[in-house]
Each structure stands twice: as structure tokens, then as C-alpha cells.
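Have a look at the structure below before the remarks.
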Amino acid sequence: MKYWITIIIALISPFFYSCNDDPGAPLYFIGDSIVARWDVEEYFPSFTTYNLGVSGAGIDYIESLSGTQKGHNAVIMIGTNNYWLYNSEASLKNYAVRYLDAIENLRAEHVYLYSVLPRDAESDPEDINDIIIRFNDYIQQLIAGNSNITYINVYHDFTYRNSTSIDPELYSDRLHLSSMGYEKLAAALLDVLH
Amino acid sequence: MKRILLTLILTVITCTAAIGQVEIGLQNSRYGYLGYTLKDHWNFRLRQSLFSERMRYQQIQLEAAYLGSIGHFDYSGGIYGSTEWGGDWRTGGVKIRGQFNTLKRLHINATINPHYDSEYDYTTCFSVGAEVDIIKSISILASYTTIPDYRKSEKRIHGGASFHVGQLSVTPEISIPVSSSERLKQMRILTSFGYKF
């Protein structure tokens with residue numbers, strides 16, 4: 001009997017290993033400098049992780065990765081470097097379509113998509129976080145019902161006092177994250193992965 | 001060079017320990033400190049953050065406090081100031097603490113902490129708590145506090161234990177937010193220890 005149980009386990013185990021719900025399934029982190037600076041190995045020790053973040057990256061970077069994520073679980077955070085491409089009602093709609101096309105063209109098995117985070121860098125326009133809120137809301141509406149994308153809206157976890165003020169302890173320079181900011185980001189992803 | 005530096009540090013610790021007490025330790029898992037107590041009353045502490053960040057984003061803090069007691073009442077009052085190494089933000093404040101030791105094993109304490117952070121602005125923080133000695137070397141602690149664990153003032157409950165063995169004390173605690181709906185997710189485990197020479 002033991003012999004048969006062992007054989008059955010040996011036969012079915014590869015299916016479980018290849019399943020994307022497996023906490024050990026590799027995660028491909030794609031995005032801008034916020035991703036590039038993220039020590040994903042430290043924050044996700046039980047996962048195999050690959051950091052494909054590039055400082056200064058925008059939507060054209062995601063477009064350049066078209067087709068490269070076939071069968072992968074992709075974790076994406078992108079958009080903060082392109083805020084000027086979606087700062088009006090008309091440009092928002094065009095950019096959102098381009099944004100989602102680029103993400104879908106990655107051909108990932110599953111996408112974990114972070115919202116764009118609030119920011120308050122010295123050269124930022126005053127209404128930048130209003131622009132980001134509108135963008136996040138619009139993207140969330142567009143992907144509602146898309147079972148291939150899990151949207152992780154962490155925007156409000158990074159604000160303090162009101163919806164447009166960043167929480168300083170989560171940022172190292174009011175644009176990039178501190179270690180506490182990355183902890184928050186990791187906790188939100190682990191929440192949906194588990 | 002390393003040998004000279006080590007010798008210098010050991011000499012300073014030995015000499016200063018002769019006229020006062022030197023302490024090294026870890027506070028709230030993320031700050032290392034070097035303390036010096038002069039004539040049992042004056043305490044000075046240099047605290048450095050140990051975040052997994054570049055040095056520019058680390059924090060250094062200096063504290064000076066006076067410790068005293070009147071009968072069963074212990075008190076301390078001090079000031080502190082800190083800065084990020086890169087200079088983008090600063091904090092400063094006053095901390096006044098009192099502890100009643102009227103019962104043999106129970107200690108009631110309270111702290112008031114007017115605190116300023118250049119990014120979070122001014123907050124009046126406080127904590128009230130109790131400590132029960134289980135045996136001579138182990139105490140149980142609990143407190144309600146708005147004093148920042150790190151930088152931001154939050155309403156939190158701390159609970160833990162304190163172990164004392166010789167000159168070493170170790171205090172593991174959990175810190176749970178009061179107002180958040182996601183208490184478990186935002187719970188922190190804080191470890192502190194100190195060793196006196």
C-alpha cells in the first residue's frame with residue numbers, strides 16, 4: 001500500500017509544482033526604479049524571484065518586453081515616470097489603453113499589478129497625486145473582471161492624513177521607498193499570493 | 001588601522017566605565033545604541049538606525065536625560081534630537097517619565113513626550129503602562145502608547161517580557177495598532193536588549 005501511495009504522490013507532485021498557486025512559483029518583478037531598488041530576494045525568501053526593474057522606466061519598457069513573460073507570474077509596478085502622459089481626461093484614456101495592452105502583450109500566466117504610488121518629489125506638480133488617483137481608479141475599472149490580472153491597490157496605504165499627502169516614513173526621498181515602504185508593498189503582495 | 005581603532009574604542013569604554021557606566025544595545029529591533037550613565041543620574045545615549053537602507057537614509061539620534069528617585073517614585077526627564085544622515089528630515093523632543101513602585105511586584109509608569117518631526121510636524125505623545133515582576137529576573141510588560149516605534153506616532157498596545165541576567169537585559173515585545181482594522185497585518189515584533197559594562 002505504501003508503495004502505491006508513494007508512486008501516486010510522485011506522479012501527481014509535478015502538477016502541483018507547476019501550479020501558479022504554489023507559493024514557490026517564480027515571480028518576475030517588472031517596473032521602474034521602485035522595483036529596481038527592491039531587494040525582492042530578501043522580502044520573498046520562499047519564492048524564486050527575478051528583478052527586471054529599470055530605473056527611469058516607463059510604459060515603453062513594458063512594451064519592449066512584449067511576449068517575454070509567457071508562462072510566468074509577473075509582478076508589475078509602472079506608470080509613475082509617465083504621469084505627464086495621463087494628466088488630462090483625453091490623454092488618460094489613451095494611455096490607459098496603451099498601458100493595459102503592454103501588460104497583456106507580456107503574455108504572462110498571471111499578472112499582479114500594483115497601483116501607482118503617491119509621490120511628492122521636489123519637482124512634482126502640485127496636483128500629481130490627484131492625477132495618479134484618477135489613473136489608478138480608471139485602470140481598476142478597466143481590469144474589473146479580468147481574471148488574469150490581480151490589481152493590488154496600495155495607493156492609500158502610502159498616504160498620511162489625507163489622500164494626497166505621502167506617509168514620510170514609507171519613503172526615502174519622497175519618491176522612492178524606504179525599507180518600511182517595501183515591507184508594506186511586500187505584505188500586500190503576500191496577501192494576494194496566499 | 002582596524003587594530004588601532006579597536007584599541008581606542010576599548011580604551012575609551014574602559015576609562016569611561018571607571019567613572020560611569022557604559023551600555024550598548026539594540027532598541028526596537030532597528031536601532032543600535034551606545035549609552036553612558038554618569039554618577040547614576042546623567043544618561044547620554046547615541047542611537048543609530050540599522051534600517052536596510054543606504055547610509056544617507058539612516059537616522060542618528062542624541063539623547064541626554066536626568067534620572068532620579070524620591071521614595072517609591074522613580075523619574076527621568078530628558079531631551080533628544082535626531083537627523084537623517086542626508087539631512088532631509090529631523091526630529092526632536094522632550095521625554096518625561098515617572099514610575100510608581102508602591103507595590104512589591106507591580107510598577108506603574110507613565111511617559112509624556114512632546115515630539116517634533118520635520119515631516120510629520122508636532123505631536124504630543126504619551127504612554128501608560130505596567131510591569132509585573134514574575135521572578136527576580138523576569139517581568140511582564142504591557143502599555144498603551146502613542147510614542148513612535150520608529151517615526152510615526154500611532155496608537156498602539158505593547159505587550160512583552162523583560163529578562164535580566166547579570167548585566168544583560170532582553171525585552172521582546174509585540175506592538176499592535178489600536179485603531180487599524182488590520183491589526184494582525186500591522187503587528188510588529190520589537191526586540192530590545194542592553195548590556196552594561
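Note that the structure is a prediction, hence the values are computed from the model and not measured. Each chain gets a letter, A, B and so on, in the order the sequences are listed, and its residues count up from 1.
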Common cluster, [X]/[Y], ILVMFWY with side-chain heavy-atom separation under 4.5 Å:
| X | Y | answer |
| --- | --- | --- |
| Ile34(A) | Trp38(A) | yes |
| Phe47(A) | Leu185(A) | yes |
| Leu117(A) | Ile132(A) | no |
| Leu34(B) | Tyr80(B) | no |
| Val22(B) | Tyr195(B) | yes |

Hey, what do you get for [atom1] ([X]) to [atom2] ([Y]), rounding to the nearest 0.5 Å?
| X | Y | atom1 | atom2 | result |
| --- | --- | --- | --- | --- |
| Glu169(A) | Glu154(B) | CD | CD | 6.5 Å |
| Tyr57(B) | Ser172(A) | OH | OG | 4.5 Å |
| Tyr150(B) | Met180(A) | OH | CE | 6.0 Å |

Does [atom1] belonging to [X] count more than 12 external heavy atoms closer than 6.0 Å?
| X | atom1 | answer |
| --- | --- | --- |
| Ile79(B) | CD1 | no |
| Ile60(B) | CD1 | yes |
| Glu41(A) | CD | no |
| Asp60(A) | CG | yes |
| Lys196(B) | NZ | no |

Q | Close approach to chain B in residues 139-163 of chain A, criterion heavy atom under 4.5 Å | A | Tyr160(A), Arg161(A)
Q | Residue part contacting chain B, namely of Asp191(A), when any heavy atom lies under 4.5 Å | A | side chain
Q: Counting only heavy atoms closer than 4.5 Å, note whether Ser178(A) contacts chain B via side chain, backbone, both or neither.
A: both
Q | Trp89(B) vs Pro168(A) side-chain heavy atoms within contact, under 4.5 Å | A | no
Q: Report yes if some heavy atom in the side chain of Arg188(B) is under 4.5 Å from a heavy atom in the side chain of Glu183(A); otherwise report no.
A: no
Q.
Minimum heavy-atom separation for Tyr43(A) and Ser52(B), please, with both atom names.
A.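 In terms of heavy atoms, the two residues are closest at OH-OG, 4.2 Å.
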Q: Please lay out, stage by stage, how Glu119(B) and Arg174(A) fare under the test side chain to side chain contact (heavy atoms under 4.5 Å, CB included).
A: CA-CA 10 Å; Glu119(B) 289 186 316; Arg174(A) 308 184 76 83; 2.7 Å; yes
Q. Is chain A contacted by the side chain of Arg56(B), its backbone, both, or neither, given a heavy-atom distance below 4.5 Å?
A. neither
